[in-house]
Each structure stands twice: as C-alpha cells, then as structure tokens.
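Because only heavy atoms are used, hydrogens play no part in the values below, and waters and symmetry mates are left out as well, while side chains stay in.
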Amino acid sequence: IAFNPNTLNEFVIMYTEYAASNLSYVMGTISGTVISFGTPVVLGGYALDIRLSNDPHNLGRFVISYRNYSDGQKGTLNICSFQSGGLVVGAATTFTSSTSSENHVAFNPSVANQIVVLYKDHNNGYYGTSKVGTISGNSVTYGTPTVFNSTNTSRMQIKFDPNTSGSFVVLSKDGNSPYNALIIAGTVTGTTITFGSAVASVQDSILWPSLDVDPHNGGRFVVAYGNTSAYKGIMFLGTVSGTTVTLLGEVDYIADRIFKPEVNFDPNIQDRIVITYNSGSNSANGSGGTLQATVMDLDNNTPTVTSTTVMGGGVYYHKGTALDAANTGRFLTAFSDVSNSKLITVVIGDMSSPSSTNLTTTNFIGTSSAAYTDSQTASIVLKGGVSSNQTGLIAGTDYYVQNDGSFATTAAVPSVVAGKALSTTSMLIAPTVVDGVDGSQGIQGIQGIQGIQGDTGSNGTNGTNGSQGIQGI
C-alpha cells in the first residue's frame, strides 16, 4: 500500500490477483470512513514477495520489488509514479540473473535516486545478499553484490535511518535452527556497502519478523515478531551507533498465536508505533484468525501497550499496512478475507489518541442490538443477555471491552470483561455480579437427650480360704 503524497486521501494497492496470478494494482480513495476503489489494472507476471519503498526525494514516486515467477523467479523491480488521474508503472527490470527470493528494497534518504535491494541468492548457498542501485529514468544500474549473512537467510527487510546519513538496519531470520532474528547495521558510501556484526534476538523460534526505523529519533529501531514455541507476540527496541547494534529488553504485546505482524512508527507522533497482525490463527498460513492492531507508546524506551483493537475477522493472510503522513494517526491495513472468497479487504485504523477513552471498570452495561446513528433511539442488550449482531468471534473465547468500544481477546486498560463468544456472531454479555448481604446469625440448637444408664456390674468372686496354721509345741 502506498499513499499519494500529492493528493489527499488517495492510495494504491499493489497485489497479485489470486485466480489468474497476475501482478495488478488498484487505486483507492478515502472519504470519512468509507473507501472506494477504481478499476483494477493488470500489469502481468506472477509476482510474489511484493515489497514497496517510497522515494523521499521525489514525492509520489515509489518502487516495488518482487520475485517474478514468470521470468525464472528473478528479482524484479518496477518504478512507479502517481500522476494526475492515476498511476504510471515503468517497465520491469531485474536485479538478479537467476533464482532469488525473499527480496526487499529501500530508498536511501541521503542520496537521490539511490536504492538498496536485498535478496536470498539461491545460487550461492541461499545467502543474504545486497546490491546498491542507481535510478536513471525508468532504468536501474546495480553495483557489485555484497553478502551480509553467509548462511540460509529469510524474511529480509531493510530500513534507512533518515536522521543519520547513509545508515540503515537489516533484519532477517536465520534459516537454520534455532531460528533467531538477526539484526545487522550497515552504511552506504558511494556504491559501497559496509556491514557490522549480526546480533541475534533473545528469543528463538521466531515467525515473520518485522522492522521499522524511528523517523524522529536517530539510531533507534523496533522489531516485532511472533513466537512459535510460546505462542505470543514479542517486540523489542534497539539502537545503532555506527555499525554496532544494541538490543533493549523484549516486551510481549499479545499473548496469542499470531501470524505476519507488521510494525510501523507513526510519522507524526513521537514514540508511538502500531503493530498489525493476524491473531488467534490455528494454521500455518494464518487462516481463521482476526486482524488486530496494537498501539504502543515508547516513552523513555519503555514500551507500553495503550490499546488493542480487532479490525476484522475471517483473515486468511495479513497483506500489509501503510501510515498516512498527511493525516495524523491514520493508517490502512489489508488482508485476504477467507469469508469472502479471499478477496483483499482494506480497513482504516486510527492511533492518534489511543489513550483517550471514557471506559471504566463499572460503566459498561451492554451492547447495541444493531447499528445506529446519532440521535436515533437504540435498543441495548444488557449484561446477561445474548448479543447476536457480532462478527469474527471465536466460539468459547472470552472477550474484553477496548478503549474505543470494540471487543478483543486481550484486556485493555482498564480491564473490562465483555463476555464469552457463543459463535462467530453471538456473545453472552457478562452478567453483573453483585455480592449478597451477610446472613443473620442462626438460632441456638436444642440440647441433646440424656443417654440411658448402663447395666449394674456383676459381683466379684469370693476369695480363697487361707491354709491352717501349724500346731504349737
């Protein structure tokens, strides 16, 4: 997803169409809380691992990189530009001559028309590899490949630090046991890349790690991921000095099995991030969970969860998230909706005021029986009743009221129980429990009956007679 910085409320989604396996895009427009789409445009080619980076020097220009199955699985790139009335997509160019995968791309904010691409080189031990590219028009010239991880490498991402010239952070997952996240800092000078030493995450058995670099505070980054052994979402902050990486403490952001998290700093609000992810999945591809967003504040490098919101149900695959720099706190996130033929669905999120709420531990009384607008008379399902107009619930799961009035499987602050899901669409609203008054003291019991007197004992036997004394002389 990319927002058009030249036209408010306009964005584009790049995707591979599921049935025909064609790289495509569609323009979208936001009006209030309503999203409308134009006619999809088919570019052709079977693209996987689609990644996008916005050009900070040319507003409205961005690049996409992907694994092109229609051309020998080569690493491929297109230069795209928002134009009046639509999008112009340049011709596809390749940055590998043979099979590669898990690619990622980023513009260098310090040097105009310069990008760095990452990829897994299938012809060189599946090593993590990088190249510097120089853009001229719609063509790209690449420098010599530089290996940054000499082992099987996956889930690569690169993000530049806009506050430190030529500095970037690379995140990857070690393709061998124990499957840690690996963080490496690097610098670009001219077309030469220099990497520091890799630092491994504390936790292993990670799944789908995600990276972002702080646009407000130089040398700081955040990583979020799922943990397959503990079934929870974990994040940590880190700092970079030169090419030296230091990791700060890890924090759980949700106690649930998650799939494909994506973390983003808010471009307008300091010390605030949002993590979007598929939660509660019971399968390897993320099917069956709910799309959730957790907002965290990072004051004094102490991450604190401020809200967790369910944004959609029936998630098959979390596609990606983009923040709208022109509208503080607003973001879009997309997913394949398994309940709607796996069509791509886009949801609007807002993290501008996650801590603003009138929720207390005592003022939740129930939920409305239908959707109502301001000034309408509403029917409320009170505590103890069954609300039957919910969506995306997991039967048998406890839900909590969130600060924005939605329900989620994790408690917000304050913690308020909403109820228990009976099905995907109905919930038993938790009844109000009132302590009873103390009972009065009972009356004294009746004295028991006196026991019966026992029988008289029998007489003892007579003693034996003594023997006769001896006669005197």
Side-chain angles (χ1 to χ4, degrees), residues 1-2 12-26 40-53 62-80 87 89-106 115-124 126-131 133 140 142 152-158 170-173 175 207-211 225-226 259-262 276-278 281 283-287 315-322 333-338 341-346:
I1 305 174
V12 66
I13 299 179
M14 313 294 299
Y15 62 96
T16 294
E17 199 271 326
Y18 181 76
S21 301
N22 283 319
L23 176 63
S24 307
Y25 73 86
V26 64
V41 177
V42 176
L43 299 174
Y46 182 18
L48 289 182
D49 303 330
I50 301 173
R51 301 292 183 262
L52 184 151
S53 180
F62 63 90
V63 295
I64 57 169
S65 65
Y66 51 93
R67 180 182 186 180
N68 192 349
Y69 267 78
S70 299
D71 187 19
Q73 300 185 48
K74 297 175 185 176
T76 305
L77 182 142
N78 294 80
I79 301 170
C80 309
L87 187 74
V89 180
T93 62
T94 59
F95 54 85
T96 65
S97 58
S98 57
T99 301
S100 66
S101 61
E102 312 256 6
N103 68 86
H104 207 268
V105 61
I115 60 172
V116 174
V117 292
L118 307 179
Y119 57 94
K120 177 190 286 192
D121 191 343
H122 288 223
N123 286 345
N124 187 29
Y126 302 99
Y127 291 175
T129 308
S130 63
K131 284 182 180 180
V140 186
Y142 295 97
N152 185 5
T153 309
S154 62
R155 309 305 180 207
M156 290 168 280
Q157 296 180 46
I158 178 173
V170 168
L171 169 69
S172 65
K173 175 183 174 181
L207 182 68
W208 291 99
S210 176
L211 164 75
Y225 61 90
F259 184 77
K260 207 175 184 297
E262 183 172 339
T276 50
Y277 51 91
N278 180 5
S281 167
S283 65
N285 63 11
S287 176
V315 177
Y316 175 73
Y317 198 89
H318 176 212
K319 294 295 185 181
T321 298
T333 189
F335 64 97
S336 282
D337 189 348
V338 72
S341 303
K342 298 180 182 176
L343 296 178
I344 294 178
T345 301
V346 181

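- Listed here is the closest heavy atom pair of Ala334 and Ile344: CB-CG2, 4.2 Å.
- To the nearest 0.5 Å, atom OH of residue Tyr126 and atom OG1 of residue Thr99 are 9.0 Å apart.
- In terms of modelled atom types and a separation under 3.5 Å, the side chain of Ser65 and the main chain of Leu77 share no donor-acceptor contact.
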Under the side-chain contact (heavy atoms from CB on, under 4.5 Å) criterion, do Gln73 and Ser101 qualify, and how do the steps go? CA-CA 7 Å; Gln73 300 185 48; Ser101 61; 5.9 Å; no
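- No side-chain heavy atom of Val170 sits less than 4.5 Å from a side-chain heavy atom of His104.
- In this structure, CG in Asp49 is found 8.0 Å from CZ in Arg155, a value given to the nearest 0.5 Å.
- In Tyr142, the OH atom is crowded: over 12 heavy atoms of neighbouring residues, nucleotides or ligands sit closer than 6.0 Å.
- Atom CG of Leu43 sits about 8.5 Å away from atom CG of Leu87, to the nearest 0.5 Å.
- Under the 30°/60° scheme for interplanar angles, the aromatic rings of Phe95 and Tyr119 are found to be tilted.
- Of the inter-residue distances, the one linking Glu102 atom CD with Leu48 atom CG reads 10.5 Å to the nearest 0.5 angstrom.
- Paired with Tyr15 under the rule side-chain contact (heavy atoms from CB on, under 4.5 Å), one option of Leu23, Ile1, Val26 passes, and it is Val26.
- The minimum heavy-atom distance linking Pro209 with Gln157 is given by the pair O-NE2, 2.8 Å.
- How far OG of Ser53 is from CZ of Phe62: 10.5 Å, rounded to the nearest 0.5 Å.
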For Thr16 and Tyr66: C-alpha separation, side-chain torsions, deciding distance, then whether side-chain contact (heavy atoms from CB on, under 4.5 Å) applies. CA-CA 10 Å; Thr16 294; Tyr66 51 93; over 6 Å; no
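- Residues Asn278 and Lys260 are not in side-chain contact: their nearest non-hydrogen atoms beyond the backbone lie 4.5 Å or more apart.
- The backbone N or O of Gly75 lies less than 3.5 Å from a partner atom in the side chain of Thr96, making a donor-acceptor pair.
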Show, in sequence, the C-alpha distance, side-chain angles and deciding distance for Lys131 and Val140, and conclude whether the side-chain contact (heavy atoms from CB on, under 4.5 Å) test is met. CA-CA 11 Å; Lys131 284 182 180 180; Val140 186; over 6 Å; no
Report the C-alpha distance between Asp121 and Ser100 in whole Å, list the side-chain angles of each, state the deciding distance to 0.1 Å, and finish with yes or no for side-chain contact (heavy atoms from CB on, under 4.5 Å). CA-CA 5 Å; Asp121 191 343; Ser100 66; 5.9 Å; no
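- Summarising the geometry, atom NZ belonging to Lys120 is positioned 11.0 Å from atom OG1 belonging to Thr129; distances are rounded to the nearest 0.5 Å.
- What you find for Gly45 and Ser70 is that their closest heavy atoms are CA-OG, 3.4 Å.
- Between the side chains of Ser172 and Thr153, not a single donor N or O lies within less than 3.5 Å of an accepting N or O.
- Annotation for Asn78 and Ala91: closest pair ND2-C, 3.6 Å, computed over non-hydrogen atoms.
- Of the possible polar contacts, one joining the Thr333 side chain to the Gly320 backbone as a donor-acceptor pair under 3.5 Å is found.
- Of the possible donor and acceptor atoms, none in the side chain of Asn68 sits under 3.5 Å from a partner among the backbone N and O of Lys74.
- Closest heavy-atom contact between Ser130 and Leu118: CB-CD2, 3.6 Å.
- Counting heavy atoms from C-beta on, the side chains of Asn103 and Val105 never come closer than 4.5 Å.
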